[in-house]
There are 2 protein chains.
Amino acid sequence: MPEKTYHIGVEATIDVIGGKWKPVILCHLRHQTMRTGELSRAIPQISQKMLTQQLRELEHDGIITRQVFKQVPPKVEYALSPYGETLVQILHELCLWGEDNVERRQANGEDVQILDRENVPN
Amino acid sequence: MPEKTYHIGVEATIDVIGGKWKPVILCHLRHQTMRTGELSRAIPQISQKMLTQQLRELEHDGIITRQVFKQVPPKVEYALSPYGETLVQILHELCLWGEDNVERRQANGEDVQILDRENVPN
DNA sequence: CAGCATCCGAACGGATACTG
DNA sequence: CAGTATCCGTTCGGATGCTG
């Protein structure tokens with residue numbers, strides 16, 4: 001009996017890139033390699049613990065790469081792995097849908113905003 | 001100051017369709033309207049409490065519709081709303097990616113399986 | 001059949017302090 | 001700068017029992 005059984009494809013996807021932070025991290029890594037501190041500044045709400053933890057898991061699942069520069073002070077760069085690159089299209093669509101969703105909620109009178117859009121319609 | 005601030009589009013998306021169960025529920029509703037019991041049987045691992053809770057949230061966010069038939073025994077049908085339909089493409093891709101991911105892990109010697117594929121390559 | 005309420009353990013996730 | 005370890009409150013989520 002397999003140790004892990006999924007009933008539908010999306011379950012496996014969520015298992016790897018699901019959660020509160022992973023999609024955000026991956027979205028930032030879509031366009032560039034980033035150092036730990038850069039990611040931390042790009043995602044101000046995340047705690048240092050969560051950031052490291054999520055990066056470790058993404059690395060373990062082969063989605064991102066972690067390159068350590070042996071120097072003082074330390075320097076570590078994270079980037080999408082070739083396999084992680086297969087997610088960029090989906091990540092892009094997830095970003096766009098979220099932007100549309102916020103617009104929709106604003107039009108609906110909700111007090112919500114989004115700081116960085118990657119698509120400015122019209 | 002807005003009560004809800006997102007820094008990037010994908011955050012808003014995750015806020016609405018993120019979590020362990022919502023993507024699975026939505027994937028099932030892509031192709032058909034389903035009754036509560038049908039969903040429950042289609043997702044055997046979910047508890048009744050979680051199923052109801054997630055359905056309520058999806059309904060509240062305008063992703064699905066809930067139609068109650070006034071009869072005994074009760075009958076309730078859930079379906080994607082027109083707005084929810086804007087997610088079908090993304091959901092489809094999430095399913096496919098997960099299926100590929102499982103194949104990749106299997107090829108890597110991991111003891112993992114997926115029961116229902118929607119795309120059987122080759 | 002569909003749903004609500006409650007209890008309770010597990011996991012998530014933040015704050016802080018410390019290391020190479 | 002990057003990362004580890006610990007403490008601890010909050011939320012998640014399962015199990016059970018009950019209602020119309």
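Any value given below was found using the heavy atoms of this structure, including those in side chains, with hydrogens, waters and symmetry copies removed. Proteins come first, then strands; the chains are lettered A, B, ... in the order of their sequence lines, and each starts at number 1.
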Distance in angstrom units between [X] [atom1] and [N] [atom2], rounded:
X	N	atom1	atom2	result
B:Gln45	D:dA15	CD	P	12 Å
B:Met50	D:dT11	CE	C1'	10 Å
A:Gln54	C:dG13	CD	C1'	10 Å
B:Glu57	D:dC12	CD	P	8 Å
A:Arg66	D:dT4	CZ	C1'	12 Å
A:Gln48	C:dG13	CD	C1'	13 Å
A:Lys49	D:dT10	NZ	C1'	12 Å

Could you please name the option among [options] that lies closest to any side-chain atom of [X]?
X	options	answer
B:Pro74	C:dA2, D:dG3, C:dG3	C:dA2
A:Trp21	C:dA2, D:dG3, C:dG14	C:dG14
B:Val76	D:dG14, C:dG3, D:dG3	C:dG3
B:Lys20	C:dG14, D:dG13, D:dC1	D:dG13

Legend entry - Sequence-distant partners of A:Thr33, side chain to side chain contact (heavy atoms under 4.5 Å, CB included), two or more places apart: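 So A:Thr33 forms a side chain to side chain contact (heavy atoms under 4.5 Å, CB included) with A:Glu77, A:Ala79.
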
Inset, instruction - Classify the side chain of B:Gln53 versus the base of D:dG13 as yes if they form a donor-acceptor pair under 3.5 Å and no if they do not. - result: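 A donor-acceptor contact between them is absent.
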
Inset, instruction - Using a 4.0 Å heavy-atom cut-off across all strands, classify B:Tyr78 as base, sugar-phosphate, or nothing. - result: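 Here B:Tyr78 touches the backbone only, sparing every base.
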
Legend entry - Donor-acceptor side-chain pairing of B:Arg104 and B:Asn108 below 3.5 angstrom: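 No, because no side-chain N or O of B:Arg104 sits under 3.5 Å from a partner of the opposite role on B:Asn108.
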
Legend entry - Intermediate values then yes/no, salt bridge (Lys or Arg N to Asp or Glu O under 4.0 Å), A:Glu103 and A:Arg117: CA-CA 11 Å; A:Glu103 276 189 23; A:Arg117 304 182 137 274; 3.4 Å; yes

